[in-house]
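A short write-up of the structure that comes next.
Side-chain atoms are counted along with the backbone in the values below, which use heavy atoms only and exclude waters and symmetry mates.
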Amino acid sequence: MDIRKLLMKDIMIMNLKATTKQGVIDEMVHNYYEKGIIDDEELYKKDILKREAEGSTGMGDGIAIPHAHDKAVKKPAVMFARSVKGVDYDSMDGQPAHLFFMIAAPEGADNTHLQALAALSQVLMNPDVVAALKQADTPDKVQDIFAKAVAEKEAANKAEEEAEKQAANTDSDKPYIVAVTACPNGIAHTYMAEENLKNTAKKMGVDIKVETNGSEGIKHELTAAEIKRAKGVIVAADKKVAMSRFDGKHLVNKPVTAGIKEPEKLIQDVLDGKAPIYHASGEDDSATQETSGGGIWANIYKQLMNGISHMLPFVIGGGILMAISFVVENYMGGPKSEAFIFLNNAGNMAFAFMVPVLAAYIAEAIGDQPALMPGFVGGFMAMVYKGSFGGAYIANIQHSAASSAGFLGGIAAGFIAGYIMVGLKKLFAKLPKSLEGMKPMLLYPIFGLLFVALIMYFIINPIFSGINLAITHFLNSMGTGNLVLLTAILAGMMSIDMGGPFNKAAYVFASGAFANDPHSTTAAILMAAVMVGGMVPPFATAIGTVLFKNKFTKQERQAGVTNWVLGFSFITEGAIPFATADPLRVIPSCIIGSAIGGGIVGFMKVGVPAPHGGLWVTPLATNWVGYVVATIVGSIIAGIVMGLLKKKVSEDPYE
């Protein structure tokens with residue numbers, strides 16, 4: 001396909017007006033919308049920002065390639081934009097970006113379009129092309145540069161494929177390695193990593209074959225003979241790829257950005273034998289960035305978030321129905337009314353699954369599907385068993401001196417079940433091939449359940465039941481001063497990273513206390529505090545754009561209007577674009593406002609017996625006036641502080 005049909009002249013922006021990363025995205029997305037390439041500006045922008053949250057698309061060398069693959073795109077396109085001054089785009093090399101390529105791929109994009117996008121990504125690794133583009137001042141010149149470069153690249157690819165076949169089937173003095181590149185969208189990073197690995201290997205005198213796992217599927221798939229012959233393997237991937245075929249090979253496993261940023265190091269590690277030998281577990285193993293792209297704590301956080309994301313629908317649905325049932329009990333018929341009984345039972349049933357689902361999906365993130373059942377049962381045991389060593393018993397609905405392991409025990413159950421399954425896979429890896437079918441259907445379920453049950457019954461439940469009793473006693477015995485301090489801290493944490501680890505830690509603490517005892521007054525107060533803390537950032541940005549219009553661009557003021565609704569609905573992420581554009585002023589402002597709002601909640605003892613809903617669940621609050629006051633006061637203070645700290649916009653790039 002002629003790249004000029006994707007890289008259309010009439011959608012190019014030869015002189016970007018935006019001066020920030022957020023501004024670039026807003027300006028380019030809006031241009032797509034005006035040109036009819038997309039029909040839903042907010043959806044496409046949301047997916048662009050989601051991709052940026054996974055890792056900046058600022059590739060370095062002055063290039064940024066924001067991209068999204070969604071249903072808002074009506075026809076595939078690539079928008080070229082140029083900034084003469086350059087924009088801080090969080091690029092890999094820390095340098096300003098001057099050339100921007102926003103890729104829009106529809107959900108049903110055919111292989112022809114995807115191949116063209118792959119070719120475009122590859123030629124951007126050519127420094128001569130980049131240098132020429134920086135000098136291009138008309139759309140015609142941009143098209144001509146790419147048409148020539150892509151044609152040359154396609155011819156070179158064919159020649160490389162032939163050379164790879166010969167290298168794989170003939171003896172050569174050159175070392176031979178294989179690689180796999182993959183990213184979640186499979187539009188740009190996959191092919192840029194491929195290109196850099198190939199170019200670097202050529203300079204180092206190394207023969208290489210790279211398998212790509214992009215939007216058009218697996219290309220240049222590695223054969224068993226090629227893998228066997230290779231000195232080692234490089235996996236540069238941010239999504240799952242088949243790994244068991246690499247059993248016994250020296251293997252480097254890194255994020256896809258490592259293939260772009262440090263291809264020489266990856267290749268050299270394989271050549272020097274520094275890469276560890278990969279041992280398959282006997283299953284259809286897969287690898288993601290988690291295996292070596294982050295540290296131990298990064299992996300634990302991702303595994304925990306997998307459980308929490310699956311748990312939240314049970315928390316939200318069950319919690320809000322239970323809260324509504326209390327309103328019915330108080331104002332519409334009392335505890336014996338059919339409406340109360342129905343709503344309360346439905347909410348309780350959802351809540352009963354909450355911790356088991358949490359544990360199950362933590363386990364699944366570690367040990368894959370075989371760990372799901374042991375994790376589920378371990379989580380269930382954390383909720384229903386009380387007692388001490390050898391004396392556990394099924395919990396009654398009534399409170400007693402004993403306590404179940406609860407939310408914390410469920411988290412422990414998930415990690416235990418996951419790593420037990422990892423151990424079982426290694427233990428059974430060398431069984432005869434004839435017994436392969438027995439493992440998922442017989443061995444894993446039986447031994448996984450047995451070991452999890454023993455550990456939960458004799459170790460985890462006794463330990464965590466004591467911890468839960470201590471936490472419950474501490475929360476219930478707190479005076480007003482301590483309560484105000486705790487609610488202020490939790491609410492402030494909601495604004496530190498607006499959906500990141502601090503935010504989630506605060507929410508998990510409050511929802512854990514609520515899950516252990518939904519009827520607890522203190523637990524309801526903690527839920528109210530984190531809810532207020534999470535509503536303040538979007539409200540604060542909305543207020544700031546109204547009171548200090550000269551401190552925000554036109555696009556930011558438009559986003560501020562949306563944040564009124566997002567704040568009302570407890571969607572903290574609405575403030576992220578503002579925080580990204582100006583973190584040193586926006587984030588501290590929001591933390592101050594959230595902490596003050598949380599402190600008011602603790603001082604006025606505002607309780608909300610629902611784990612989500614924002615101001616929509618105000619009627620359920622034990623002190624609805626205090627709930628509204630805490631939100632308004634915290635938001636206004638944050639908005640004013642933000643407006644005072646921010647600098648005036650020297651020029652509005654959208655007027």
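Atom-to-atom distance recorded for Thr622:OG1 and Ile525:CD1 is 6.5 Å, nearest 0.5 angstrom. Taken from OG in Ser635 to CD1 in Ile640, the straight-line distance is 11.0 Å, to the nearest 0.5 Å. One distance of note links OG1 of Thr20 with CG of Asp26; it measures 7.5 Å at 0.5 Å rounding. In this structure, the separation between NZ on Lys551 and CG on Leu645 is 8.0 Å, given to the nearest 0.5 Å. Between atom CD1 of residue Ile636 and atom CD1 of residue Ile596 there is a gap of 11.5 Å, rounded to the nearest 0.5 Å. Atom OG1 of Thr19 is separated from atom NZ of Lys17 by 12.5 Å, given to the nearest 0.5 angstrom.
Not one N or O on the side chain of Asn344 forms a donor-acceptor pair closer than 3.5 Å with the backbone of Phe340. The backbone N or O of Met102 sits nowhere less than 3.5 Å from a side-chain atom of His67 that would complete a donor-acceptor pair. Of the possible donor and acceptor atoms, none in the side chain of Ser495 sits under 3.5 Å from a partner among the backbone N and O of Ala491. With hydrogens and angles ignored, the 3.5 Å screen pairs no side-chain donor or acceptor of Arg51 with any backbone N or O of Pro66.
Looking at every heavy atom in both residues, Gly375 comes nearest to Ala363 through CA-CB, 4.0 Å. Of all heavy-atom pairs spanning Ile65 and Ile103, the tightest one is CG2-CD1, 3.6 Å. Pairing each heavy atom of Leu43 with each of Lys71, the nearest pair is CD2-CG, 3.8 Å. Nearest approach of Met494 to Ala506, heavy atoms of both residues: SD-CB, 3.9 Å. Here the shortest heavy-atom pairing between Glu27 and Ala18 reads OE1-N, 3.0 Å. When all heavy atoms of Ile592 and Val641 are compared, the pair lying nearest together is CD1-CG1, 4.5 Å.
Inter-residue side-chain proximity for Met354 and Met383 is flagged as unmet; no heavy-atom pair is nearer than 4.5 Å. Side-chain contact check for Met28 versus Leu16: some heavy-atom pair is nearer than 4.5 Å. The side-chain heavy atoms of Ile300 and Phe415, taken from C-beta on, include a pair separated by under 4.5 Å. Here the side chains of Val355 and Phe380 are not in contact, with every heavy-atom distance at 4.5 Å or above.
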Report all side-chain donor-acceptor pairs from residues 527-545 shorter than 3.5 Å, counting only partners two or more places apart or in another chain.
| from | atom 1 | to | atom 2 | distance (Å) |
| --- | --- | --- | --- | --- |
| Thr541 | OG1 | Pro537 | O | 3.3 |
| Thr541 | OG1 | Pro538 | O | 2.8 |
| Thr541 | OG1 | Asn563 | ND2 | 2.7 |
| Thr545 | OG1 | Thr541 | O | 3.2 |
| Thr545 | OG1 | Ala542 | O | 2.7 |

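Applying the ring-ring contact (aromatic ring centres under 6.0 Å, His included) criterion to Tyr33, with sequence neighbours excluded, gives no partner residue. In terms of the side chain to side chain contact (heavy atoms under 4.5 Å, CB included) criterion, residue partners of Gln95 (sequence neighbours excluded) are, by chain and number, Asp93. The salt bridge (Lys or Arg N to Asp or Glu O under 4.0 Å) test applied to Glu364 returns no partner, not counting sequence neighbours. Taking the salt bridge (Lys or Arg N to Asp or Glu O under 4.0 Å) definition, one finds that Asp88 meets it with nothing, sequence neighbours left out. Every residue two or more places apart in sequence or in another chain was checked for a side-chain hydrogen bond (donor to acceptor under 3.5 Å, both in side chains) with Thr487, and none qualifies. Among residues two or more places apart in sequence or in another chain, the ring-ring contact (aromatic ring centres under 6.0 Å, His included) test is passed with Phe100 by Tyr89. Applying the side-chain hydrogen bond (donor to acceptor under 3.5 Å, both in side chains) criterion to Lys646, with sequence neighbours excluded, gives Asp582. Residues passing the ring-ring contact (aromatic ring centres under 6.0 Å, His included) test with Tyr507, sequence neighbours excluded: none. Applying the ring-ring contact (aromatic ring centres under 6.0 Å, His included) test to Tyr44 and every residue at least two apart in sequence or in another chain returns Tyr32. With sequence neighbours excluded, the residues forming a side-chain hydrogen bond (donor to acceptor under 3.5 Å, both in side chains) with Glu41 are His30, listed by chain and number.
Environment of CH2 in Trp624: sparse, with no more than 12 heavy atoms of neighbouring residues, nucleotides or ligands closer than 6.0 Å.
The salt bridge (Lys or Arg N to Asp or Glu O under 4.0 Å) analysis of residues 628-637, with sequence neighbours excluded, yields no pairs.
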Query raised in the report: Can you list the steps and then say if Ile600 with Val633 is a side chain to side chain contact (heavy atoms under 4.5 Å, CB included)?
Result: CA-CA 9 Å; Ile600 293 173; Val633 171; 3.8 Å; yes
Query raised in the report: Can you check side chain to side chain contact (heavy atoms under 4.5 Å, CB included) on Ile25 and Glu52, steps first, answer last?
Result: CA-CA 10 Å; Ile25 292 172; Glu52 293 297 325; 4.2 Å; yes
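Using cut-offs of 30° and 60° on the angle between ring planes, the pair His310 and Tyr361 is parallel.
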